[in-house]
Amino acid sequence: MASESKVTAEDTKIDLFEDDDEFEEFEIDEEWDNKQEGKEEVTQQWEDDWDDDDVNDDFSVQLKKELDSNSEKS
Amino acid sequence: MAYVSMGEAHRRVTEFLSRFSDSVFSQNGSSLKQLFSVSSNSSSLLSLADALNVFQDSNRLIKQSDTYSQLGEILVPLLRSLQSYRNGNLVDAYTSFEKSANVFLQEFRNWESAWAMEAMYVMAYEIRVLAERADRELASVGKNPEKLKGAGSFLMKVFGALAGKGPKRIGALYVTCQLFKVYFKLGTVHLCRSVIRSIETARIFDFEEFPVRDKVTYMYYTGRLEVYNENFVVADQKLTYALIHCNPRSEANIRMILKYLIPVKLSIGILPTSWLLKKYSLLEYENVVQALKRGDLRLLRHALQEHEDRFLRSGVYLVLEKLELQVYQRLIKKIYIFQKQKDPSKAHQVKLEVIVKALKWLGMDMDVDEVECIVAILIHKNLVKGYFAHRSKVAVLSKQDPFPKLNGKPVNS
């Protein structure tokens, strides 16, 4: 039992010195062609006009059903 | 370890010493940098380290030569560091390397040109990596891991030697990035501030002149800092810069950029495509995005709970939690659309009771007063335009643009 708790204490101590998202080192002489194919894809994968009036998805249909049935009851 | 004869050991040590002094005296930076790459496990450095275990007299060899002795204060601790590293004595490898690096830095300051910049890069990298390994060793025997902190102080000295005017300035961003890695690991990110100020306020040097690899790394880390400070517009700019300029082959780095850019984009009302989430296996965001699209508060809470640990570790949990208001907005907008389909003339009057029912359906028990409070916040933050008809417990929505879009701007605070 005593040794177990010691292990956990050490783990947390080492754990303090971690950054899960440490950026990988580029080589000192690493160069790249920024116009490479595939790049466009990554930078254009954003939707800013998603908030439309479409309510035909499953979630909306069920929500509507729920609200309608409730309003009939009341 | 293969057997090395005394003669062979002597030959390898002499060869290293002469390569080192040749590189310095002929100012050949790219040759010199290889000789400092302690942690690279290059075959020539490994065989040198084996030779040092056999030939114990290298210090005398250095002292006796006029050429080598001029570099003795760099060479003696460097050889010791290489040997200790090979023998798995990482604390000594670090301590010796730091001694060598300090003397090298003094020399480096005196050289007018930046010929040794690549060697300086390697030195900055090695000191960080060796310190990390030394700290691991110290922690494993219950001692205080303090070397990385020491490496940070050394790197600040290097930064000081580069950050002024002149040709060495080009290397300042590389050292800054090494410092960021140290500070993020130690959890002392506030120490980044002074180097950032020095980089960003310098009028003598245009940021764009730095090497692209350093610009990308810099923007990634400063972008993360802006996420912690909840400056989402600036975070968006910095992380997007990193994304655009990152090496397209470096998928791990692109993934890390996206890990922070996605919550930033979400908080300003922009969604990633599911293609992006799949391609970079960031599926922890899938349900968050879905929740925003649907107006599904239960799904948002569920997604946050499911990946709580991951989101807390990367520090984006609070950012994601604040998406709740956008999800409420979306839910009320749906109710409004249903009403519009039924009777456009009454659509802009939303009974709070209806919202209560929708939330109840989502498993969230809230009474009319609580819902009123949330709608008041939405109105205050300009996510909903309207007012309350207080007595009748109805939110009266504006007939024009009742649900303003964020359009790349953060929610009002």
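Naming convention: chains lettered A, B, ... in sequence-line order (proteins, then strands); numbering from 1 in each chain. Everything quoted here is computed from the prediction, not taken from an experiment.
With respect to chain A, the highest number of heavy-atom pairs below 4.5 Å among K33(B), K279(B), R128(B) belongs to R128(B). Interface summary for chain A: among V216(B), V122(B), T240(B), the most heavy-atom pairs under 4.5 angstrom belong to V216(B).
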*Kindly indicate, with the supporting measurements, whether the criterion side chain to side chain contact (heavy atoms under 4.5 Å, CB included) is fulfilled by K340(B) and V55(A).*
CA-CA 12 Å; K340(B) 211 160 96 180; V55(A) 285; over 6 Å; no
*Please assess D52(A) against R330(B) for the test salt bridge (charged side-chain N to carboxylate O under 4.0 Å, His left out), listing each intermediate value before the final yes or no.*
CA-CA 10 Å; D52(A) 50 34; R330(B) 183 74 178 149; 3.8 Å; yes
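Rounding to the nearest 0.5 Å gives a distance of 9.0 Å between CG of D21(A) and CZ of R313(B).
Heavy atoms of E27(A) lying under 4.5 Å from chain B belong exclusively to its backbone. Using a 4.5 Å cut-off between heavy atoms, K265(B) contacts chain A through its side chain alone, with no backbone atom that close. For Q62(A), the parts sitting under 4.5 Å from any heavy atom of chain B are the backbone and the side chain alike. Of the two parts of D51(A), the backbone and the side chain both hold a non-hydrogen atom closer than 4.5 Å to a non-hydrogen atom of chain B. At a 4.5 Å heavy-atom cutoff, the contact between Y174(B) and chain A is made by side-chain atoms alone. Heavy atoms closer than 4.5 Å to chain B are found in the side chain of D49(A), but not in its backbone.
Contact record, L243(B) with V42(A): CD1-CG1, 3.5 Å, taken as the closest heavy-atom pair.
Screening L271(B), L276(B), T273(B) for a side-chain contact (heavy atoms from CB on, under 4.5 Å) with W46(A), the sole residue that qualifies is L276(B). With respect to F26(A), the side-chain contact (heavy atoms from CB on, under 4.5 Å) criterion is satisfied by exactly one of N247(B), V212(B), D214(B): N247(B).
Ring geometry for Y220(B) against F23(A) counts as parallel: the plane angle stays under 30°, on a 0 to 90° scale with 60° as the upper cut.
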